[in-house]
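Values below: all heavy atoms of this structure, side chains included; hydrogens, waters and symmetry mates excluded. Counting begins at 1 with the first residue of the sequence.
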Amino acid sequence: MTKGIVVPHDAEAPLELREFSELGDYQQAVGGWIEAVDIPPLGLTVYVNEEGLPQLLPLNSRVTFLWWFHVPVARQRAMLVGDAVIVGVPDEDGNTTDVPETFRALLME
């Protein structure tokens, strides 16, 4: 199981630490097919709804601004919408990894 953090699009809603065991768990959390967005300086991958923009899902300001801050080329060019899941970057075999402990502690404690 992979430990990740669900970040609701509603900035007032709390973050949720959750375990994910299969693709369907991620799809359920974001409400559809998933798309991966990497934040390499933090060792993070953010999963969002692949169809979020065409479906006009609401802006997820928390993950968008995190992405923009650490991946400057994305600033003002793209945004992340809908609920999101933050996990660690894939390992050498391409498997999703746990959200890094330091980042988890920063957000959840």
Side-chain angles (χ1 to χ4, degrees):
M1 289 213 188
T2 302
K3 292 180 186 171
I5 299 172
V6 177
V7 182
H9 70 273
D10 178 356
E12 300 297 319
L15 304 179
E16 178 187 348
L17 186 62
R18 194 184 295 177
E19 290 190 345
F20 298 88
S21 62
E22 60 186 21
L23 175 63
D25 296 337
Y26 296 100
Q27 292 172 326
Q28 187 270 333
V30 302
W33 295 107
I34 61 171
E35 177 177 1
V37 178
D38 290 331
I39 306 177
L42 298 178
L44 301 176
T45 296
V46 178
Y47 290 123
V48 293
N49 185 319
E50 183 179 81
E51 294 295 319
L53 289 171
Q55 291 177 7
L56 303 175
L57 295 180
L59 173 70
N60 189 319
S61 59
R62 295 183 281 193
V63 293
T64 295
F65 294 133
L66 178 71
W67 182 43
W68 284 358
F69 186 82
H70 293 282
V71 184
V73 298
R75 290 182 192 155
Q76 306 300 320
R77 294 190 179 155
M79 61 184 174
L80 303 177
V81 298
D83 295 340
V85 175
I86 299 174
V87 293
V89 292
D91 63 17
E92 58 277 351
D93 295 323
N95 298 313
T96 301
T97 60
D98 290 345
V99 63
E101 182 62 29
T102 53
F103 194 76
R104 186 206 56 80
L106 179 68
L107 290 183
M108 303 300 294
E109 296 175 5

Q: For the atom pair CD1 (I5) and CG (L107), what is the distance rounded to the nearest 0.5 Å?
A: 4.5 Å
Q: Donor-acceptor check, side chain of N60 to backbone of L80, threshold 3.5 angstrom: yes or no?
A: no
Q: Over all heavy atoms of both residues, which pair between L17 and M108 is shortest? Give the atoms and the distance, please.
A: N-CE, 3.6 Å
Q: Check for a donor-acceptor pair, side chain of D93 on one end and backbone N or O of N95 on the other, with a separation under 3.5 Å.
A: no
Q: Minimum heavy-atom separation for P100 and G88, please, with both atom names.
A: CD-CA, 4.1 Å
Q: G4 and V87: which non-hydrogen atoms are nearest, and at how many Å?
A: CA-CG1, 3.9 Å
Q: Between V48 and L42, is there shared hydrophobic-cluster membership here, with clusters defined by ILVMFWY side-chain heavy atoms closer than 4.5 Å?
A: yes
Q: Return the NZ to CD distance between K3 and E101, rounded to the nearest 0.5 Å.
A: 7.0 Å
Q: Between R104 and V99, which heavy-atom pair has the shortest distance, and what is it?
A: CB-CG1, 4.0 Å
Q: State, yes or no, whether a side-chain contact exists between D10 and P58 at a heavy-atom distance under 4.5 Å.
A: no
Q: Is there side-chain contact between I86 and V63, with heavy atoms separated by less than 4.5 Å?
A: yes
Q: I'd like to check M1 versus F20 (side-chain heavy atoms, cut-off strictly below 4.5 Å). Are they in contact?
A: no
Q: Quick one: pull up OG1 in T64 and CH2 in W67 and give me the separation to the nearest 0.5 Å.
A: 7.5 Å
Q: Consider only side-chain N and O atoms of D38 and T45, and report whether a donor and an acceptor are under 3.5 Å apart.
A: yes
Q: Tell me, do L53 and V81 make a side-chain contact under 4.5 Å, heavy atoms counted?
A: yes
Q: Of the non-hydrogen atoms in W68 and M79, which two are nearest, and what is the gap between them?
A: CZ2-CB, 4.5 Å
Q: Report whether V89 and V7 are members of the same hydrophobic cluster (ILVMFWY, side-chain heavy atoms less than 4.5 Å apart, transitive linking).
A: no
Q: Measure across A84 and V46 and return the closest heavy-atom pair with its distance rounded to 0.1 Å.
A: CB-CG1, 3.8 Å
Q: Kindly indicate, with the supporting measurements, whether the criterion side chain to side chain contact (heavy atoms under 4.5 Å, CB included) is fulfilled by V85 and I34.
A: CA-CA 10 Å; V85 175; I34 61 171; over 6 Å; no
Q: Answer yes or no: is there a donor N or O on one side and an acceptor on the other, between the side chain of D83 and the main chain of H9, under 3.5 Å?
A: yes
Q: Just jot down the salt bridge (charged side-chain N to carboxylate O under 4.0 Å, His left out) partners of R62, sequence neighbours excluded, or say none.
A: none
Q: In the single-linkage hydrophobic clustering (I, L, V, M, F, W, Y; side-chain heavy atoms under 4.5 Å), do V37 and W33 co-cluster?
A: no
Q: When you compare the side chain of F103 with that of L66, does any pair of heavy atoms fall below 4.5 Å?
A: yes
Q: Run Y47 and E35 through side chain to side chain contact (heavy atoms under 4.5 Å, CB included) and show every step you take.
A: CA-CA 5 Å; Y47 290 123; E35 177 177 1; over 6 Å; no
